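Both ligands and their constituent atoms are indexed starting at 1 by order of listing. The shown structure was predicted, so the numbers you read here are calculated from the model rather than taken from an experiment.
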Amino acid sequence: MKKIILSVTFFLTALLISAQVNWQQVEPGVWKGIVGTPEAYSLLGVAGISPQSEALKKMPDVNFPAFGNEVVGAVSDGKTSLRIPLVRGEQLYGFGLNFQTVHQRGKILNLHVDHYGGKDNGRTHAPIPFYVSSQGYGVLVNSARYLTVYAGTGVRKDSPNAPVAQDRNTDKKWSSRPYSDAVEILVPAEGVEIYLFAGPTPMDAIRRYNLYCGGGTLPPRWGLGFTQRTQRLYTDEQVKEEVALFEEKGFPLDYIGLEPGWQSKAYPCTFEWDKGRYPDPAGFVKEMAEHGVRINLWTNPYISPASGIYKEMVPLSGSHTVWNGIIPDFSLERTQKIWTGKLKKEHVSIGVSGYKIDEVDGYDHYLWPDVATFPSGLSAEQMRQTYGLWVQKITADMYREQNVRTFGLVRASNAGGNSMPYVIYNDYYSHEDFITALINSGFSGVLWTPEVRGSKTGEEWLRRFQSVVFSPMAMINAWSSGTKPWSFPEVSESVKEYALLRMQMMPYWYTEFAKYRFEGTPPFRGMNLEPGFNVKVTEEVLSQNLEDNPYLEAVNKEVKDQYMAGEYLLVAPLFVGQESRNVILPQGNWYDFYTGEYVGNGEVITVTPGLEKIPVYVKDGGIIPMMAPLLHAPKAGDIVDLEVRHYGTKPNSYLLYDDDGETFDYEKGAYSWRTLTVKADKKNRLIGEISKAEKNKPNTIGKVKWKFMTK
Ligand code: GAL
């Protein structure tokens, strides 16, 4: 009896400090909870998201996840704490762009926009407060603050799952990290909005998150072609020579990036052309366009005293400076207007296709300190967490106004940036970790490029190149190295083959990005989201008291060197020094992408592909629409013949997306999905067909040839 009374008292005390979150459904399968008084300024607010309600309605019907009633929030000491329960064996993914780990349960993270400093501690380019659970739900904390996340580390004394205390002196099973049954998050504000995204699968939860935030981005077709960034001080003549070399050598090139030297002054920036290196910017951009090559401009947002907009911007900027340039307060409409006015006048009006927006992430020694103030009244912390979002949003809206799609690079983002036409990059350069980041980008609603810069050997060059071809942005960033695709003659034929393969696969890439936009499915993602993917825990780890410490299990199970590219492809890169590797095939039959041969089913295979190949496998029934290896993406209205590949033995169908590839007319219905079907004929042979073009809808598809890869 005494025991019961005691536990009731404990329970009441717990209730007094923290309250159950009240949830309100905001979209099908999406609930919003309010704790305390949320701040007016939030991540989703800055991003200005518009949920894709129609697409959300088409998702599987789901009830409110029962565990949501156990989520508690409390405000004390001017801060909000959240507690979200976990069950045994549950795994967590996400919390933004991590580079070394995929499984996040057991971690402590300080989510803080920053350059990546070599540790998965929450300081990264996109420290997104969204995670997805293997139990099939997602959670987003919509706060523009530095959050502390205890992803299953704290153990409450009143927890119904609290492990029993053990004696370290005698008990071998004693663990320094006893079992924790909740994620706990500290928000330094007196309230916060929290979102719960239902599944039923983890992939569905991610789809709902992406759709709620406006759907993923749909790049222009050319954005999915090849891009080269030139050395930092190149002149117009040098760029023209480079473009001529691409043509002469038959390497594809859709857009070329100019690094700091195009500006009259950089670090801080003027946003004005350097008249010495680029005496006739308009003529230069036009000439490049005639060669089928668009121009992308590097910049950072810090304004040089030499810029024509400096004076006007002084009162609209923060208290501090970055490299003695002023820091625009982008939350102010007037600031946005002046800045985009300048960009339009100098660049957009002459046909510049987009930007690489650098230095919006961090390096504490360069950026504004947390004591800085801004004219809008926002704090330095809020500005830091959202600066990347602002520059993306402002520039994306500027292109949208012209009904022209852009596709560029940015070094910081946050929740709500899902639909922004930007890919994240950084200065770090571990090939292995770049692949882990690619996997994590898929859990977080962002895009990431494992860009190629320089290499010590031809082997490294080719291995890196092979990976970047199977990523959101196929790019060489030669700003410092001055490398070209053909820089390593011993592998340059192979590099060319992969650059051309990237172009051939454009119909597939474009369709997979359309699914990101319309269905929320990330085009590049981890194996953990793949049905039938299973990793066995080794015996050694099993003996280490797994029950009490799921973190051990997590790390052992982590697969971060292979990933899914679109619906059907499994990509397994090799790194320098590796001649063979293991590949874990999910359940179902898998086939070699290059030959169509059967390779295995639900097993671990060891492959020795040779330097010329990056292992890529296709799911049974995989339908991959391809085109000729053009050197530039098809322009709006160009008719393109297709070669559609089919792998394996399964009849199947695939929806192929089509639109003008350049404007936002698709948002008004100017798009179509054609069905590619593979079925067995009377003699049980596979045949393929494409559905008729819809009337009054875009149709860029010419002749269709079928290729049955598996004999
Ligand atoms: C770095 C950036 C590089 C390159 C360089 C130019 O900050 O990450 O990719 O653009 O600036 O100075």
Side-chain angles (χ1 to χ4, degrees), residues 97 99 113-118 123-126 226-235 238-239 242 255-274 277-278 295-304 307 321-325 327 347 352-368 384 387-388 391-392 395 407-413 422-431 433-434 437-438 441 446-455 464-465 467-468 471-485 487:
L97 199 60
F99 285 79
V113 172
D114 202 348
H115 80 285
Y116 181 68
R123 281 193 174 240
T124 179
H125 309 271
F226 188 77
T227 179
Q228 168 86 15
R229 303 201 70 85
T230 55
Q231 216 167 8
R232 142 187 118 81
L233 294 179
Y234 260 32
T235 63
Q238 285 171 304
V239 177
E242 182 138 323
Y255 48 122
I256 202 154
L258 308 187
E259 289 287 321
W262 71 268
Q263 288 198 56
S264 58
K265 288 198 166 42
Y267 290 84
C269 294
T270 56
F271 319 111
E272 290 157 17
W273 293 88
D274 183 85
R277 287 184 285 268
Y278 294 85
I295 301 294
N296 174 289
L297 298 178
W298 170 97
T299 197
N300 65 51
Y302 312 112
I303 308 178
S304 158
S307 171
T321 56
V322 177
W323 302 299
N324 297 321
I327 310 164
H347 324 130
V352 165
S353 72
Y355 296 90
K356 164 175 171 179
I357 310 177
D358 207 23
E359 307 288 0
V360 284
D361 47 349
Y363 283 104
D364 282 355
H365 287 279
Y366 315 158
L367 282 209
W368 60 90
R384 180 80 172 256
Y387 217 60
V391 294
Q392 291 180 76
T395 49
F407 198 48
L409 290 148
V410 72
R411 232 172 55 188
S413 193
Y422 284 92
V423 180
I424 305 172
Y425 67 98
N426 71 3
D427 284 341
Y428 186 73
Y429 203 45
S430 153
H431 187 189
D433 293 357
F434 272 17
L438 190 55
S441 66
V446 294
L447 298 173
W448 161 257
T449 174
E451 66 173 35
V452 185
R453 297 205 283 268
S455 288
R464 285 184 180 274
F465 198 90
S467 302
V468 87
S471 87
M473 190 181 273
M475 170 172 69
I476 292 177
N477 175 13
W479 77 275
S480 160
S481 59
T483 47
K484 325 273 175 231
S487 281

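Figure legend: cation-pi geometry between Arg453 and Tyr425 absent, as NZ or CZ is not positioned both under 6.0 Å from the six-membered ring centre and within 45° of its axis.
There is a side-chain donor-acceptor pair under 3.5 Å between Ser413 and Gln392.
In this pair, His125 and Phe99 present their aromatic rings perpendicular. The plane angle is above 60°, beyond the 30 to 60° band. Under the 30°/60° scheme for interplanar angles, the aromatic rings of Tyr363 and His115 are found to lie parallel.
With Thr483 contributing its side chain and Ala478 its backbone, the two residues share no donor-acceptor pair below 3.5 Å.
Taking the six-membered ring for Trp and the full ring otherwise, the centers of Phe226 and Phe465 sit less than 6.0 Å from each other.
Near ligand 1, residues Glu259, Pro260, Tyr267, Trp298, Lys356, Asp358, Glu359, Arg411, Tyr425, Asp427, Asn477, Trp479 come within 4.0 angstrom through at least one heavy atom.
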